A.B. asks: 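Before anything else, here's the structure in question.
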Amino acid sequence: MEKREPFETMSAKIYRPAKTAMQSGKAKTHLWVLEFDQEVARTIDPIMGYTSSRDTRQQLRLTFETAEQAIAYAERNGIEYRVIAPKDSTRKNVSYSDNFRFNRMQPWTH
């Protein structure tokens with residue numbers, strides 16, 4: 001029996017998820033996620049209309065404390081990966097009194 005790589009021709013993306021629209025805090029955004037790419041096209045069941053796939057790796061999401069741990073896991077298991085850098089949001093300080101500024105760019109209307 002021939003020996004083969006544990007994850008042959010697999011690719012994945014490593015990223016830190018953004019916060020969802022349903023939360024105001026940053027819960028679950030400090031972890032890094034390794035998520036496998038879709039290798040088999042999804043199919044539609046002709047009777048029920050469900051969308052399904054034979055690729056069960058799409059259901060797998062691995063979480064890591066740091067990006068380095070996720071990269072080390074991918075390299076150790078022979079997984080091709082790409083790292084998507086997080087985009088930190090910039091908060092704009094807005095004051096209610098800015099609505100009535102004299103040098104406002106757009107006129108304030110009701």
Side-chain angles (χ1 to χ4, degrees):
M1 183 169 237
E2 68 183 60
K3 186 176 180 181
R4 57 179 230 180
E5 293 293 319
F7 298 109
E8 199 170 298
T9 67
M10 292 178 61
S11 61
K13 64 180 175 179
I14 298 171
Y15 65 97
R16 198 173 77 193
K19 71 179 192 111
T20 65
M22 298 304 294
Q23 65 187 27
S24 60
K26 295 195 176 235
K28 299 182 183 178
T29 60
H30 65 282
L31 296 176
W32 287 82
V33 176
L34 184 139
E35 196 172 79
F36 293 101
D37 293 331
Q38 180 176 347
E39 293 184 11
V40 179
R42 294 179 185 234
T43 58
I44 298 174
D45 182 66
I47 297 173
M48 297 298 290
Y50 297 146
T51 304
S52 62
S53 176
R54 293 182 297 147
D55 188 10
T56 57
R57 287 185 225 129
Q58 292 175 354
Q59 301 170 5
L60 184 62
R61 289 182 59 174
L62 303 174
T63 57
F64 298 91
E65 292 290 324
T66 64
E68 290 78 22
Q69 290 176 346
I71 292 169
Y73 176 83
E75 290 175 349
R76 188 172 54 244
N77 291 299
I79 301 170
E80 294 179 13
Y81 65 90
R82 64 187 184 284
V83 178
I84 300 171
K87 297 176 185 169
D88 293 328
S89 62
T90 57
R91 288 206 47 110
K92 186 176 168 185
N93 290 333
V94 180
S95 175
Y96 178 70
S97 62
D98 290 342
N99 290 331
F100 307 101
R101 269 193 338 228
F102 178 73
N103 59 351
R104 186 178 166 92
M105 295 292 198
Q106 296 175 346
W108 186 81
T109 62
H110 288 286

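The model shown is predicted, which means the values in this text are computed figures rather than measured ones.
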A.B. asks: Does Leu60 share a hydrophobic cluster with Phe64, counting links as ILVMFWY side-chain heavy atoms below 4.5 Å and allowing steps through other members?
C.D. replies: yes
A.B. asks: Name all pairs fulfilling the salt bridge (Lys or Arg N to Asp or Glu O under 4.0 Å) condition that reach into residues 77-86, sequence neighbours left out, sorted by first residue then second.
C.D. replies: Asp37-Arg82
A.B. asks: With sequence neighbours left out, write down each residue that passes side chain to side chain contact (heavy atoms under 4.5 Å, CB included) with Glu68, or none if nothing qualifies.
C.D. replies: Thr66
A.B. asks: Show the nearest heavy-atom pair for residues Pro86 and Trp32, with the distance to one decimal.
C.D. replies: CD-CH2, 3.6 Å
A.B. asks: Restricting to non-hydrogen atoms, name the atom on Thr51 and the atom on Ile44 that form the minimum distance, rounded to 0.1 Å.
C.D. replies: OG1-CG1, 4.3 Å
A.B. asks: How far does OG of Ser11 sit from CD of Gln38, to the nearest 0.5 angstrom?
C.D. replies: 10.5 Å
A.B. asks: Taking all heavy atoms of Ala41 and all of Ser53, pick out the closest pair and write down the distance.
C.D. replies: O-OG, 4.5 Å
A.B. asks: Could you work out, with side-chain hydrogen bond (donor to acceptor under 3.5 Å, both in side chains) as the rule, every residue matching Ser97, not counting sequence neighbours?
C.D. replies: Ser95
A.B. asks: With a cutoff of under 4.5 Å between side-chain heavy atoms, which Ile, Leu, Val, Met, Phe, Trp and Tyr residues group with Met48?
C.D. replies: Ile47, Tyr50
A.B. asks: Mind checking what makes side chain to side chain contact (heavy atoms under 4.5 Å, CB included) contact with Ala12, not counting sequence neighbours?
C.D. replies: Leu34, Phe36, Ile79
A.B. asks: Test Glu39 against every option in Arg57, Gln58, Arg54 by the side chain to side chain donor-acceptor pair (under 3.5 Å) rule and name the one that passes.
C.D. replies: Arg57
A.B. asks: Test of understanding: with ring-ring contact (aromatic ring centres under 6.0 Å, His included), list the residues that count as partners of Tyr15, not counting sequence neighbours.
C.D. replies: none
A.B. asks: Treating Ile, Leu, Val, Met, Phe, Trp and Tyr as nodes and any side-chain heavy-atom pair under 4.5 angstrom as an edge, say whether Val33 and Tyr81 lie in one connected cluster.
C.D. replies: no
A.B. asks: So Glu65 and Leu31, side-chain contact (heavy atoms from CB on, under 4.5 Å) or not? Walk me through it.
C.D. replies: CA-CA 5 Å; Glu65 292 290 324; Leu31 296 176; 3.6 Å; yes
A.B. asks: Rounded to the nearest 0.5 Å, how far does CZ of Arg61 lie from CD of Glu35?
C.D. replies: 5.0 Å
A.B. asks: Is there a path from Val83 to Met10 through hydrophobic residues (I, L, V, M, F, W, Y) whose side chains come within less than 4.5 Å of each other?
C.D. replies: yes
A.B. asks: Quick check: are there more than 12 heavy atoms from other residues, nucleotides or ligands sitting under 6.0 Å from CG of Asn93?
C.D. replies: no
